[in-house]
Amino acid sequence: MLYENYQKVWNNIEEACRRVGRDPSEVTLIAVSKTKPNEMISELYDRGVRNFGENKVQEMAGKYEVLPKDICWHLIGHLQRNKVKYIIDKAVLIHSVDSLRLAETIDSEAAKHNRTADILIEVNVAQEESKFGVALEETIPLIEEISSKCSHVRIRGLMTIAPFVSNPEENRGIFRKLQKLSVDINGKNINNVNVDVLSMGMSNDYEVAVEEGATMVRVGTSIFGERNYNR
Ligand SMILES: *Cc1c(COP(=O)(O)O)cnc(C)c1O
């Protein structure tokens, strides 16, 4: 059942790619397993799924300890600076960097582990007050600062969380803006920064996001079913 859901999402991604002439191999489907038990993750793992997303540091660290070490864990939720140390050696990619201070903390923790941390800049394209993320026009200055000050951080791309809308077409403009921003960034040649990751699209709107250039989609509900936060 779970794997069928996963397959269905993947087929939709392939079709979205076909519609716009993209190669599906450019797209990574991240199975967002937050609040879901290890058994469900294992079920997908046994069918070959390796990319999972979590939004809480503690939950990711707990799952990391007991599940196979070749899982690629994506931290997709807001990250507090005092918690960076718990995931620095566990997350393959931190999707939610939106300040220089957070990047500096990631930088110093990565240095302690003698590694370079891959990050995405979270952009609040929709300018929703309740959301984290840097404003569109502040993104390039932030990338300039991080790339000049943080030698153990590699900026791989951009991430956005689009609003929940009844018609996914309403979010097309948001995805388009993030894609355009990535082109602008690459055109500026900032300290060798090349952004090739666009993390955008969730259960509700991933097909539109793929049509607009997403290279990573973060899908939870359409794979694992509804989440119950009151367990
Ligand atoms: C929960 C979450 C998702 C997945 O949302 P669904 O609507 O369940 O697909 C994607 N991205 C982030 C940042 C999330 O927190």
Side-chain angles (χ1 to χ4, degrees), residues 1-13 16 27-37 40-41 43-44 49-63 71-80 83-84 87 90-99 102 118-134 156-172 174-175 178 197-231:
M1 187 55 193
L2 259 190
Y3 189 65
E4 279 79 68
N5 293 345
Y6 180 91
Q7 277 294 340
K8 205 175 290 172
V9 171
W10 181 251
N11 290 340
N12 291 339
I13 290 170
V27 183
T28 300
L29 170 55
I30 299 171
V32 176
S33 48
K34 63 191 187 195
T35 79
K36 299 297 178 181
M40 291 179 101
I41 297 172
E43 197 178 322
L44 288 179
V49 178
R50 292 295 178 269
N51 287 282
F52 292 90
E54 291 284 338
N55 69 334
K56 294 223 161 67
V57 165
Q58 249 123 341
E59 189 174 347
M60 175 187 287
K63 287 173 172 173
I71 286 180
C72 299
W73 293 105
H74 295 257
L75 189 76
I76 60 175
H78 179 64
L79 177 58
Q80 287 172 318
K83 292 189 176 162
V84 170
I87 51 97
K90 301 181 178 68
V92 294
L93 184 62
I94 300 171
H95 290 231
S96 48
V97 177
D98 61 0
S99 73
L102 175 58
D118 284 333
I119 66 163
L120 304 181
I121 304 299
E122 180 175 352
V123 186
N124 186 357
V125 182
Q127 292 181 296
E128 288 185 288
E129 293 226 350
S130 58
K131 293 242 168 83
F132 296 104
V134 68
R156 297 290 316 279
L158 308 174
M159 179 272 234
T160 199
I161 303 175
F164 186 82
V165 289
S166 50
N167 178 1
E169 284 296 331
E170 293 174 46
N171 284 337
R172 188 179 291 278
I174 288 172
F175 300 139
L178 196 72
V197 176
L198 283 179
S199 170
M200 56 189 196
M202 305 172 28
S203 289
N204 196 40
D205 54 18
Y206 65 89
E207 290 155 277
V208 173
V210 167
E211 288 175 2
E212 294 301 330
T215 66
M216 288 185 179
V217 295
R218 312 176 305 266
V219 177
T221 310
S222 292
I223 297 172
F224 292 101
E226 296 290 336
R227 287 177 291 274
N228 180 0
Y229 288 99
N230 309 316
R231 270 181 312 136

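Remember, it's 1-based here, ligands and their atoms both numbered in the order they're listed. For clarity, every value in this text was computed on a predicted model and none was experimentally measured.
- In this structure, Asn55 and Leu75 approach most closely via the heavy-atom pair C-CD1, 4.4 Å.
- Inter-residue side-chain proximity for Leu44 and Phe224 is flagged as met; some heavy-atom pair is nearer than 4.5 Å.
- Between Phe52 and Trp73, the angle of the ring planes lies from 30° to 60°, which puts this pair in the tilted group.
- Every residue was checked against the ring-ring contact (aromatic ring centres under 6.0 Å, His included) condition with Phe164, not counting sequence neighbours, and none meets it.
- Residue pairs meeting the salt bridge (Lys or Arg N to Asp or Glu O under 4.0 Å) criterion with at least one partner in residues 157-170, sequence neighbours excluded, are Glu169-Arg172.
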For each nitrogen or oxygen atom of ligand 1, which protein N/O atoms lie closer than 3.5 Å, and how far apart are they, rounded to 0.1 Å?
residue	atom	partner	partner atom	Å
ligand 1	8 (O)	Thr221	N	2.8
ligand 1	8 (O)	Thr221	OG1	2.5
ligand 1	8 (O)	Arg227	NH1	2.8
ligand 1	8 (O)	Arg227	NH2	3.1
ligand 1	9 (O)	Ser203	N	3.0
ligand 1	9 (O)	Ser203	OG	2.5
ligand 1	9 (O)	Gly220	N	2.8
ligand 1	11 (N)	Arg218	NE	2.8
ligand 1	15 (O)	Lys34	NZ	2.6

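- Residue pairs satisfying the salt bridge (Lys or Arg N to Asp or Glu O under 4.0 Å) criterion with at least one member in residues 49-63, sequence neighbours excluded, are listed as follows: Arg50-Asp70, Glu54-Lys63, Glu59-Lys63.
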